[in-house]
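Below is one structure; the comments refer to it alone.
Keep in mind it's a predicted model, so treat the numbers as computed, not measured.
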Amino acid sequence: MKKHEIKTLREKSQVDSVKIVRSPSDATEWVVLIKILGGQSFFLISDLDEVCSYASLDTAVSELDALGFARAEVLF
């Protein structure tokens with residue numbers, strides 16, 4: 001799901017949880033998994049329809065902060 005879509009869902013209180021997990025394709029990178037009410041889960045993707053991946057946890061957390069999130073679970 002694209003960043004602007006996630007931001008809209010967050011503002012409407014439709015986001016159930018946010019998780020930062022290791023990338024399935026590269027264990028040195030992190031990706032964001034967002035679960036919305038109703039049970040569907042989505043990776044955070046760019047406007048170019050690519051999964052957003054981050055080289056560090058700090059970068060992933062900064063991205064979530066910019067989207068307005070105050071809490072995320074980290075799984076490693």
Side-chain angles (χ1 to χ4, degrees):
M1 189 169 282
K2 294 184 180 179
K3 294 177 185 180
H4 69 274
E5 295 170 314
I6 294 297
K7 196 170 188 176
T8 300
L9 287 173
R10 188 196 57 77
E11 290 168 353
K12 294 179 180 178
S13 299
Q14 296 296 308
V15 176
D16 183 39
S17 64
V18 179
K19 296 180 180 171
I20 303 172
V21 299
R22 293 215 185 257
S23 172
S25 63
D26 184 350
T28 65
E29 294 189 342
W30 300 90
V31 295
V32 174
L33 187 62
I34 298 175
K35 183 178 175 183
I36 62 172
L37 296 177
Q40 293 177 307
S41 295
F42 301 93
F43 285 110
L44 183 63
I45 61 171
S46 70
D47 290 332
L48 301 174
D49 291 328
E50 296 175 353
V51 174
C52 295
S53 62
Y54 305 95
S56 72
L57 269 174
D58 289 337
T59 308
V61 169
S62 293
E63 182 67 44
L64 290 174
D65 185 43
L67 291 172
F69 289 100
R71 177 181 303 161
E73 183 177 1
V74 177
L75 303 174
F76 53 100

For residues 35-42, tabulate all N or O donor-acceptor pairs below 3.5 Å that involve a side-chain atom, not counting sequence neighbours.
none

Decide yes or no for V31 and L44: does some side-chain heavy atom of the first lie under 4.5 Å from some side-chain heavy atom of the second?
->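 Of all side-chain heavy-atom pairs linking L44 with V31, none is under 4.5 Å.
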Can you run down the side-chain hydrogen bond (donor to acceptor under 3.5 Å, both in side chains) pairs that involve residues 16-32, sequence neighbours left out, and say none if there aren't any?
->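 Every side-chain hydrogen bond (donor to acceptor under 3.5 Å, both in side chains) pair that includes a residue of residues 16-32, provided the two are not neighbours, is S23-S25, D26-T28, E29-S53.
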Using the side-chain hydrogen bond (donor to acceptor under 3.5 Å, both in side chains) rule, collect all pairs that involve residues 43-52, keeping only residues at least two apart or in two chains.
->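 Listed by first then second residue: K2-D49.
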In residues 58-76, what donor-acceptor pairs under 3.5 Å come from side-chain atoms, sequence neighbours left out?
{"residue": "T59", "atom": "OG1", "partner": "S56", "partner atom": "OG", "Å": "2.8"}
{"residue": "S62", "atom": "OG", "partner": "D58", "partner atom": "O", "Å": "3.0"}
{"residue": "E63", "atom": "OE2", "partner": "K3", "partner atom": "NZ", "Å": "3.3"}

According to a 4.5 Å side-chain heavy-atom criterion applied to Ile, Leu, Val, Met, Phe, Trp and Tyr, with indirect links allowed, do [X] and [Y] form part of one hydrophobic cluster?
X   : Y   : answer
L33 : L9  : no
V21 : V51 : yes
M1  : V32 : yes

